[in-house]
There are 2 protein chains.
Amino acid sequence: MSLIFSRQCEYALQAVLYLALKPHNEMTSIKELTRRLDIPYHFLAKILQDLTRKGLLSSLKGPTGGFALGMPAKDITLFHIVEAIDGVDFMHSCVMGFPECTGKNPCAVHEKWAGLRDGIYTMLVSKNIAEMAKNMRKPEYQSA
Amino acid sequence: MSLIFSRQCEYALQAVLYLALKPHNEMTSIKELTRRLDIPYHFLAKILQDLTRKGLLSSLKGPTGGFALGMPAKDITLFHIVEAIDGVDFMHSCVMGFPECTGKNPCAVHEKWAGLRDGIYTMLVSKNIAEMAKNMRKPEYQSA
DNA sequence: GAATATTCGGATATTTTAGTCTTAATATAA
DNA sequence: TTATATTAAGACTAAAATATCCGAATATTC
């Protein structure tokens, strides 16, 4: 099997999107996140730590502590999150894994894939998570 | 990190494409394949065995033995290979991993991804490997 | 029939990813 | 200041993906 994004990255996307729905400056605990998103507690903790180190989130210890976005939601795209967790090698590598695949020396689907890859990029950058949050009121996010 | 296709699948695509360039009924040894494609010998052996069990390749032991396509090249698409190795869950699962993501209850990029996913599918099925082989004469495949 | 070149199959090893546990640090509130 | 609720950090375990090894089976050639 193989996903577009690693499981870790999927969890990161889900968690950051969840935080984008929250009022600015409100801290959200790992406990709440894992309950709502059904992600293993300690695993999510690691991921959030990582995103915090990279500046995408901020954190606060103690009661009333938790995580929040590290910058305005309008400045964060899905691409930032993917970049932070999985990296973006997929943007410049051959979909069939040919090391020599280039424009001069293309594989059988080089051009097709170039278009699709650009489409994926556009999907990830064309909306910031503030815009996404606006049109979002999903079961997984509704009050329990 | 995370690729579209697993490494195993990439190797399978490369190997089958290589075999498609060969005259029908000519057997190709693992040795030749690994030399040309720079894939670990024993790992490729496993993958080819697997493709043989699934009917995509045929094999013959002994000197002059090796592997060949298990059916006419015009009947094989990249999709068949991906299906055999990685499976095609990516065709029906949410790109952000939301278990509840459906048409009625879409994630933020549900529609965008649906279009791209269809594009990937089209890329994989629109040409058979005979057609691909015709327009292919890549360095990695040229005579050593 | 013997020597040889190959695939087959199973066991094992290594690396990466996923997930868990435990202790420390820290912030809050009583 | 003490109890408590949280994140931080690192060690650990589990599972999956990647890769290797070896002996058996088999086909070819001499």
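Below, chains carry the letters A, B, ... as their sequence lines are ordered, and counting in each starts from 1. Values in this document were obtained by computation on a predicted structure and should not be read as measured data.
Taking 4.0 angstrom as the limit, A:Arg7 places a side-chain polar atom (N or O) nearer than this to OP1 or OP2 of C:dG19. Close to C:dT7, at under 4.0 Å from its OP1 or OP2, lies a side-chain N or O of B:Tyr41. Distances shorter than 4.0 Å separate none of the side-chain N or O atoms of B:Tyr11 from OP1 or OP2 on D:dT18.
Between B:Ile81 and B:Ala12, the shortest heavy-atom contact is CG2-CB, 3.8 Å.
The distance from atom CD of B:Glu10 to atom C1' of D:dA17 is 13 Å, rounded to the nearest whole Å. Between the CG atom of B:Asp86 and the P atom of D:dA16 there is a distance of 15 Å, given to the nearest Å. A straight line from CG of A:Leu44 to P of D:dT7 spans 9 Å, rounded to a whole angstrom. For the pair A:Leu51 CG and D:dA9 P, the computed distance is 14 Å after rounding to whole Å. Rounding to whole angstrom units, CG of residue B:Leu19 and P of C:dT7 are separated by 11 Å. Rounded to an integer number of Å, the gap from A:Ile47 CD1 to D:dA8 P is 14 Å. Rounded to an integer number of Å, the gap from CG of B:Asp50 to C1' of C:dT7 is 14 Å. In this structure, the CE atom of B:Met27 is 13 Å from the P atom of C:dT6, given to the nearest Å.
Checking A:Gln8 against A:Thr64, the closest nucleotide of DNA chain C that is more toward the 5' end is the one next to A:Gln8.
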Under 3.5 Å, which N/O atoms of the protein pair with N/O atoms of nucleotides 8-15 of chain C?
unit_1: C:dC8; atom_1: OP1; unit_2: B:Ser59; atom_2: OG; d: 2.5
unit_1: C:dG9; atom_1: N7; unit_2: B:Gln49; atom_2: NE2; d: 3.2
unit_1: C:dG10; atom_1: N7; unit_2: B:Lys46; atom_2: NZ; d: 2.8
unit_1: C:dG10; atom_1: O6; unit_2: B:Lys46; atom_2: NZ; d: 2.8

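The shortest distance between side-chain heavy atoms of A:Lys112 and B:Lys127 does not fall below 4.5 Å. B:Ile47 places a side-chain heavy atom less than 4.5 Å from the side chain of B:Ile85. The closest side-chain heavy-atom distance from A:Met27 to A:Ser58 is below 4.5 Å.
One N or O on the side chain of B:Asn105 and one on the backbone of B:Glu100 form a donor-acceptor pair closer than 3.5 Å.
Here the CE-CG distance, from A:Met123 to A:Leu78, works out to 7.5 Å after rounding to the nearest 0.5 Å. Rounded to the nearest 0.5 angstrom, A:His110 NE2 and A:Lys104 NZ are separated by 12.0 Å.
The side chain of B:Phe43 approaches D:dT18 more closely than any other nucleotide in the set D:dT18, C:dT7, D:dT28.
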